[in-house]
Amino acid sequence: MFDKVLIANRGEIALRVIRACREMGIASVAVHSTADADAMHVRMADESVCIGPPSATLSYLSVPAIISACEVTGAQAIHPGYGFLSENAQFVQIVEDHGLTFIGPSAEHIRVMGDKITAKDTMKALGVPCVPGSEGGVTSLEEARALGAEIGYPVIVKATAGGGGRGMKVARSSEEMERAFRTARAEGKAAFGNDEVYIEKYLTTPRHIEVQVFGDGKGHAVHLGERDCSLQRRHQKVFEEAPGPCISPKERAHIGKVCADAVARIGYSGAGTIEFLYEAGEFYFIEMNTRLQVEHPVTEAIYGVDLVREQIRVAEGYPLSFTQDDLTINGHAIEVRINAERLPDFAPSPGRITQYHAPGGLGVRMDSALYDGYMIPPFYDSLIGKLIVHGRDRAEAMARLNRALGELIVDGVDTTIPLFRRLLDAPAVQSGDYTIHWLETWLETTLDA
Ligand code: MV4
């Protein structure tokens, strides 16, 4: 139904979307900043439009420039990828006001899930298990302290507009509440222009488990199991896997159904991710992401589906191409994020790629926009590739990851590749027995040594 789709993004995710378009017979339009004139997404797309200077604010985030690029090329729909404008409800509204289609959920669903208090209220009402905490927002220190006493310390104060770990403060006692409450409010105000906060019981040793859902926008939805993304550093995921090594088939079927039913009830359209903390065998909802996520390929690997193709089909108005019963798990998949960063401090390391060699072979997928001689610009995030491996079980996936990392060559800049070779040797990673805090502790004791 679409003849031409514009991709409002860059790097590996832009290539990912261009590839899906090409397989579907849809022409692709790349947009790029002046710094990305030689980027792979520009080369790979059928057409390209320069939309502004290097600063993302003036290019990849410029709504007028992107809408204009649709008008001059005749693109009928926009795929936002992840980041940039992917969860911007106002952008979605403008896209629709111009008679274009946003490949993603409605502006209203993005708005609801973008406000964490509203998201939690909504999910709780839909029967999704949530972290015990305040009913809605907390406006005074007295109220915060009363809740702390009721829930029991430690508690966490979170900005409703937060995300990515910003505007979050732990209080371990009534004495600590004043600081936590004021700081979370101030950070919410400074970072998002919103000082509304809520309070939850602080879970001390959870895993990060997220459930992939997909809705057709007409009241039908499925789940595609979970991903374990517990290995994070400063709220940046480093290593993701599916299925979660600690989740049983019974737990998966149960939480998956709860999630699919919830998004079906609200008429959700497209790909979504429902994030949970998982501790002592229980799931606790924290947030919902209304976009395709960076780590979607591990889900694609084990379910054998093309999530981007599905996003485009649903945006075209087609029903889902699979039912829940069609979706069965095959094996285990792991993704590692390759960043242009210098260890041990993870400082950005832009510069020219003097040699690039992607690994291959059975069960290996390399999503990257790198090429020999490419100049990594200093203006954007440091993700330069994702290595995804798939095996019949977790042990085979781990062995394949180790093998593929050995084949991968990225010369000319510093990367996180050496980190993964060491990480795979760690007993906790080999056994899959880790919490959200494991990686940072391991880095402190490993990289400095
Ligand atoms: C929490 C938590 C413990 N208890 N909420 C971090 C980012 C945001 N998405 C939610 N986050 C957390 N919320 C309660 N009630 C711990 C974290 C958290 C975390 C969560 C997932 C992955 C890594 C994390 C690292 C530090 C803290």
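Both ligands and their constituent atoms are indexed starting at 1 by order of listing. Reckoned from all heavy atoms, side chains included, excluding hydrogens, waters and symmetry mates.
- In summary, the side chains of Thr290 and Glu87 do present a donor paired with an acceptor at a separation below 3.5 Å, with no hydrogens or angles considered.
- Near ligand 1, residues Val131, Ile156, Lys158, Gly165, Met168, Glu200, Lys201, Tyr202, Leu203, His208, Gln232, His235, Glu275, Leu277, Ile286, Glu287, Ile436 each place a heavy atom inside the 4.0 Å sphere around the ligand atoms.
- Residues satisfying the side-chain hydrogen bond (donor to acceptor under 3.5 Å, both in side chains) test with Glu300, not counting sequence neighbours, are Arg16, Arg365.
- Partners of Tyr198 by ring-ring contact (aromatic ring centres under 6.0 Å, His included), not counting sequence neighbours: none found.
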Sequence neighbours excluded and cut-off under 3.5 Å, please list the side-chain donor-acceptor pairs for residues 155-172, or say none.
residue	atom	partner	partner atom	Å
Lys158	NZ	Glu200	OE1	2.9
Thr160	OG1	Asp115	OD1	3.0
Thr160	OG1	Asp115	OD2	3.2
Thr160	OG1	Lys116	N	3.3
Thr160	OG1	Ile117	N	3.0
Lys169	NZ	Glu187	OE2	3.4

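- In this structure, Arg337 fails the cation-pi test against Phe239, since its NZ or CZ atom is not both closer than 6.0 Å to the six-membered ring centre and inside 45 degrees of the ring normal.
- Counting heavy-atom neighbours within 6.0 Å of Arg233 CZ, excluding the residue itself, gives a total above 12.
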